Amino acid sequence: MKQNNFINILSPHIQFVRDVFKRYEWEANVKHELEADMYCLQQRINDDCVNIAVVGEFSSGKSSVINAMLGIDLLVMDDLPDTTLVPSIISYSEKPFLEVIYSQGDNSGKTEMTIERIRDYIAEYSFRESLMKEKNYDDAYINEMTNLRAAIAKKASKIKQFNIGIPSMFLKQGFRIIDTPGLNSLNSDCTRVTNNVLATADAAIIVGMATDGGLHQEFREKLAETFGDRMEQSCIIFTHYDHMTPERRERNLTYLHAVTASYFNLMPDSLMVVPMVPPTILANLKGNRFGKEHDEMLRISCNSMGKVIDFSVKQRESTIINSLQKILTRILSNLQVRIPELKRKYEQRLIELDRSRTTPIETFISQELDSLVRIINIEAATRRTTISQNLDKIAADTKKKLENDILRRSDLESLQKFMQVGLKITLKHTSENMNAQATDGGVFISNAVSNQLDSFEIALKEEFRRLNIVHLPIKKILVENKTQDIELVDSMNDAIKFADSELERENTGYGLAVVGAVIGSIFTFGIGSVIGAAIGSLLGSRCRSTNVCDVFKRMKPKYEKELNAALDLQKSNVLASYDSSVRNHISSFTHQLNSYQERYKSEVDNLIVTEKQNRFRINKAVEQIEEDLKEINNHQNKIRSLWKIN
């Protein structure tokens with residue numbers, strides 16, 4: 001057969017399919033389907049052989065038909081009903097061989113053997129041949145018949161198929177025969193196996209007996225279920241044609257043709273039905289002739305064989321063409337859907353963008369801002385109460401510690417030394433603790449504002465969904481608008497200065513004046529120095545007691561007043577700084593949300609410009625799709641015209 005000419009004619013169409021497939025991005029499931037279809041098509045093109053599957057009823061003469069086509073007695077033929085349980089793929093080989101493909105995937109390898117040995121081996125996997133090996137035909141054997149058949153079926157289930165090679169001139173011309181287990185076998189698994197091998201066939205030969213008045217009902221139902229609308233790819237061969245009387249053969253064949261076509265809801269012209277007497281072909285090949293009747297049957301059978309061969313070749317071409325048309329149709333349908341989707345998607349996007357630009361976002365922001373600022377203020381007030389309580393505790397701890405430290409001094413010299421060193425350390429530590437409360441408060445407010453920004457983002461997305469408008473890069477805009485955290489004013493950092501004058505150990509009054517100065521210098525300027533000097537003057541002029549307790553008792557009212565004033569002032573400064581931080585953060589937050597509308601519209605304008613540029617690209621893509629759709633239709637029409645496939 002001149003298969004290459006057929007492929008050469010199809011090559012431009014096949015290449016077009018490949019080009020279109022590469023041109024587009026496909027959805028995953030569509031891409032998978034197209035790749036699978038194209039792979040199967042290429043596999044079929046690479047295989048030059050015509051695959052012919054043969055299906056038959058019990059005792060219909062299927063083995064005889066296959067042997068007649070091969071011109072070799074490969075399969076067992078007699079009048080007893082039988083069915084093979086394993087499909088055989090029979091192809092050409094100069095030397096006969098048998099290869100067993102097991103269900104688990106391994107194989108026996110090609111083993112050269114005689115045709116007789118091949119026939120005997122595959123016969124072991126048929127019901128009749130296996131059962132006939134048993135010679136003890138007693139009652140027990142009959143009772144165990146069902147179990148024996150089940151054992152044979154189990155044995156056969158371990159084998160997927162037989163690959164057989166024989167030196168047949170028919171096969172050498174480019175044919176491959178698939179001997180199927182059958183569709184109405186007593187072994188239910190045979191139907192499944194037959195369905196699998198039929199999927200790889202280009203054409204199917206269905207064998208029935210002319211003397212039975214057509215195909216039996218159960219067999220017809222199995223055929224209809226298996227082939228469906230592929231029945232037109234099947235050829236019906238009626239055997240035992242010689243068993244009819246000569247004067248009724250033509251009439252009976254006409255009846256068989258009509259009634260068989262009607263079984264499958266087909267017109268007779270669309271279903272090939274031919275008669276055949278396979279033994280006459282084999283007898284002729286062996287040089288045996290049996291008179292005029294034999295010659296007539298040989299003529300009819302050879303004529304039918306020629307029709308079957310031509311039909312099978314045409315079906316291989318039809319199989320390839322149908323596969324190609326299936327791919328073209330799948331691409332066509334997907335591209336047709338893509339055009340309106342592309343247009344709708346980008347036109348709708350422009351509409352949404354334009355609507356987004358005019359969306360009254362100010363009202364939404366104003367409502368959200370009131371709610372979010374109220375939440376921040378509530379959280380800030382709660383935090384301020386906590387800070388105030390913490391500052392009171394720090395002040396109380398400081399006063400208690402200072403009094404204890406002073407009263408532990410053994411003499412005024414030790415007291416002066418404490419005032420020079422220890423007092424500074426204690427008050428500096430107090431200042432740092434108070435400042436830490438302000439700093440923590442600033443961090444808390446910063447986090448509170450950040451949380452409300454996140455809440456605003458969520459609310460904004462919900463608003464976008466409600467308005468059915470495009471989603472802008474909200475996070476990007478918010479981050480760009482976000483101001484840096486306002487650092488709290490640390491009023492004490494610049495105030496922590498200590499007297500450089502050396503204390504006069506002899507002048508207790510002067511030393512106490514320095515104490516007041518130290519207190520004032522740490523917390524606030526002016527107050528400590530004045531009160532400290534007054535305390536020092538009082539103690540220096542009225543008392544020279546060296547008892548620390550007596551000294552502290554006389555100075556305590558003034559000392560406590562000075563220290564309380566300094567601590568209260570520091571507390572006020574810390575809370576004022578915190579309040580200022582809250583105001584600054586809320587002001588920044590308010591400004592940020594109010595400025596979002598302007599940024600929002602700016603982003604929309606940019607997107608509109610970009611989308612209008614994209615529309616040109618989309619239009620070019622649509623033009624390409626429309627051009628490809630026209631080309632697909634042209635290729636489909638050319639293929640139909642060449643092979644008249646409708």
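No experiment lies behind these values; they were computed from the predicted model shown.
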[X] side chain vs [Y] backbone, donor-acceptor pair below 3.5 Å:
{"X": "N284", "Y": "T280", "value": "no"}
{"X": "R316", "Y": "N51", "value": "no"}
{"X": "T180", "Y": "V54", "value": "yes"}
{"X": "S301", "Y": "L298", "value": "no"}
{"X": "S93", "Y": "P96", "value": "no"}
{"X": "N303", "Y": "R299", "value": "no"}
{"X": "N107", "Y": "G109", "value": "yes"}
{"X": "R220", "Y": "L215", "value": "yes"}
{"X": "T226", "Y": "L223", "value": "no"}
{"X": "D179", "Y": "S88", "value": "no"}

Please determine if [X] and [Y] form a salt bridge, counting it only when a charged side-chain N lies under 4.0 Å from a carboxylate O.
{"X": "R119", "Y": "D73", "answer": "no"}
{"X": "E627", "Y": "K630", "answer": "no"}
{"X": "R249", "Y": "D242", "answer": "no"}

Distance from [X] atom [atom1] to [Y] atom [atom2], nearest 0.5 Å?
{"X": "K326", "Y": "L34", "atom1": "NZ", "atom2": "CG", "answer": "10.0 Å"}
{"X": "E232", "Y": "M272", "atom1": "CD", "atom2": "CE", "answer": "12.0 Å"}
{"X": "F264", "Y": "L271", "atom1": "CZ", "atom2": "CG", "answer": "7.5 Å"}
{"X": "F170", "Y": "Y92", "atom1": "CZ", "atom2": "OH", "answer": "14.0 Å"}
{"X": "Q104", "Y": "K160", "atom1": "CD", "atom2": "NZ", "answer": "11.5 Å"}
{"X": "I52", "Y": "I90", "atom1": "CD1", "atom2": "CD1", "answer": "11.0 Å"}

Applying side-chain hydrogen bond (donor to acceptor under 3.5 Å, both in side chains), run through N633 and E631 and close with a yes or a no. CA-CA 5 Å; N633 286 320; E631 282 299 308; over 6 Å; no
Could you check whether [Y] and [X], counting side-chain N and O atoms only, form a donor-acceptor pair closer than 3.5 Å?
{"X": "Q42", "Y": "N46", "value": "yes"}
{"X": "D628", "Y": "Q624", "value": "yes"}
{"X": "Q636", "Y": "N634", "value": "no"}
{"X": "D19", "Y": "Q15", "value": "yes"}

Does [X] [atom1] have over 12 foreign heavy atoms under 6.0 Å away?
{"X": "H32", "atom1": "NE2", "value": "no"}
{"X": "E27", "atom1": "CD", "value": "no"}
{"X": "M113", "atom1": "CE", "value": "yes"}

Run the numbers on T211 and T239 for side-chain contact (heavy atoms from CB on, under 4.5 Å), then give the verdict. CA-CA 8 Å; T211 54; T239 60; over 6 Å; no
Where [X] and [Y] come nearest, the two heavy atoms and their spacing:
{"X": "R18", "Y": "M38", "answer": "CG-CE, 3.8 Å"}
{"X": "I178", "Y": "A201", "answer": "CD1-CB, 4.4 Å"}
{"X": "M231", "Y": "I206", "answer": "CE-CD1, 3.9 Å"}
{"X": "C235", "Y": "V274", "answer": "SG-CG2, 4.1 Å"}
{"X": "Q233", "Y": "T319", "answer": "NE2-OG1, 3.6 Å"}
{"X": "P278", "Y": "S64", "answer": "CB-O, 3.3 Å"}

With under 30° as parallel and over 60° as perpendicular, where do the rings of H635 and H13 fit, or are they tilted in between?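 Taking H13 first and then H635, their aromatic rings stand perpendicular (interplane angle over 60°).
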Using side-chain heavy atoms (C-beta onward) and a distance below 4.5 Å, is I205 in contact with V55?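 No. Closest side-chain heavy atoms not under 4.5 Å.
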Given the rule in the side-chain contact (heavy atoms from CB on, under 4.5 Å) test, do I331 and I327 qualify, once you have shown the distances and angles that lead to the verdict? CA-CA 6 Å; I331 291 176; I327 296 172; 4.0 Å; yes
Apply the side-chain contact (heavy atoms from CB on, under 4.5 Å) test between V65 and each candidate in V308, V207, I177; give the one that qualifies.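 Passing option: V207.
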Show the numbers, then the answer: is there a side-chain contact (heavy atoms from CB on, under 4.5 Å) between F175 and I309? CA-CA 9 Å; F175 294 93; I309 291 173; 3.3 Å; yes
